[in-house]
2 protein chains.
Amino acid sequence: MSNDPPGFELPLRLFLGFRTLIDALHAELARQGHPDMRPMHGFVMQAVGVDGTTAVELGRTLGVSKQAAGKTIETLERLGYVERARDPRDTRRKIVRLTPHGLDALARSARIFDELRAGWAATLGEERLRALEADLRLVTPHEVFRLDVPGWFG
Amino acid sequence: MSNDPPGFELPLRLFLGFRTLIDALHAELARQGHPDMRPMHGFVMQAVGVDGTTAVELGRTLGVSKQAAGKTIETLERLGYVERARDPRDTRRKIVRLTPHGLDALARSARIFDELRAGWAATLGEERLRALEADLRLVTPHEVFRLDVPGWFG
DNA sequence: ACACGATAGACAACCTGGTTCACCATTTAG
DNA sequence: CTAAATGGTGAACCAGGTTGTCTATCGTGT
């Protein structure tokens, strides 16, 4: 159809939607005691998970080299979001775990995301928002994780 | 509602949708003679536009410093997508213009985006896709451009 | 007419987050 | 028990971002 919207608007709107939510999240996180958290940190901490992980494992999960994962862990450690301890069963390994501060950030993020979703629901209506989510599920990979976000751009 | 989807799925799906489209675009672009083009380049070339621009102007458009814009221009120049020439009316200025290769990339991108949108329309139906686009317009900033994508992550 | 402020571009130093290559320490398998 | 595989680290490099400084040119006000 010649009166279809141009194809380039779709990715732009998707990105703007994503960015809008993430920016709002981090504005609110900053207000709630996490001013240093960058967008990437949330993804990484989510990948670290409550059970902890290692640099090699994290690299695999995020789709980056173990060295890159190590650097990011260092940054997060310096900011107090994660801590490292040697694995007693395998002294080569260093287990990365979320600190209470990191767990707090994750819990607050979840709450804020719910609130932001509620805001969209207020604008669009719960039905249309559900339809939007359902449609997106149809056109995106099923597994939500293994989104190698870091360094994907550029 | 306690049975609402968790709020974190929304940004994830938006990002995955964006990423899916952009990855498909660049896979196809690579097949069509533009293997070196990175996701960022498309945004920058779009900002350069058919009329050309300058480093300072480009920096303002993209929301980055003029030096950063200058570096990106250098990269694009090295790849043959843009060329620079002094402005005869103001010899301080250097006009950045798309080369035929750059214009080709932009034209192909537009066509591929249309095809990708058609693919989504085939999955969702044109009506639901239009509704999705309309909904996204309601919850994102009106002006599509001035999305300072570069370096926003991290 | 000209001096001075504003502007365009370039260069340098630095930061972050990615890469590869190389290496050491430890664990595991043959 | 040696050899391969694995986890972590360090170095050198790249892309792209930042700020600060500098030069050349333009434009304006006296």
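A, B, ... follow the sequence lines: proteins, then strands. Residue 1 opens every chain.
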Tightest non-hydrogen contact, residues A:P6 and B:D114, listed as C-OD1, 3.8 Å

At under 4.0 Å between heavy atoms, how does the protein contact nucleotides 5-11 of chain D? Give one character per nucleotide, 5' to 3', with B, S or -.
BBBBBB-

To the nearest angstrom, the CG-P distance between B:L58 and D:dG16 comes to 13 Å

Closest nucleotide of DNA chain C for A:R89 versus for A:T75: which of these residues is on the 5' side?
A:T75

Need one value for A:S65: base, sugar-phosphate or nothing, where a base atom within 4.0 Å counts as base even if backbone is also close, heavy atoms only.
base

Check whether any side-chain N or O of B:T72 sits under 4.0 Å from OP1 or OP2 of D:dA15, and answer yes or no.
no

For the pair made of CD1 in B:I73 and P in C:dG9, what is the distance, rounded to whole Å?
8 Å

Do the ring centers of A:F18 and B:F15 come within less than 6.0 Å of each other?
yes

We want to know whether A:T140 and B:R13 form a side-chain donor-acceptor pair, criterion being a heavy-atom distance below 3.5 angstrom.
yes

So, A:H34 versus A:H26, ring centres under 6.0 angstrom or not?
no

Would you please name every residue forming a side chain to side chain donor-acceptor pair (under 3.5 Å) with A:R108, sequence neighbours left out?
A:Q32, A:D104

Please report, rounded to the nearest Å, how far the C1' atom of D:dC14 is from the CG atom of B:D36.
15 Å

Which residue pairs pass the salt bridge (charged side-chain N to carboxylate O under 4.0 Å, His left out) test with at least one member in residues 48-58 of chain B, sequence neighbours excluded?
B:E57-B:R93

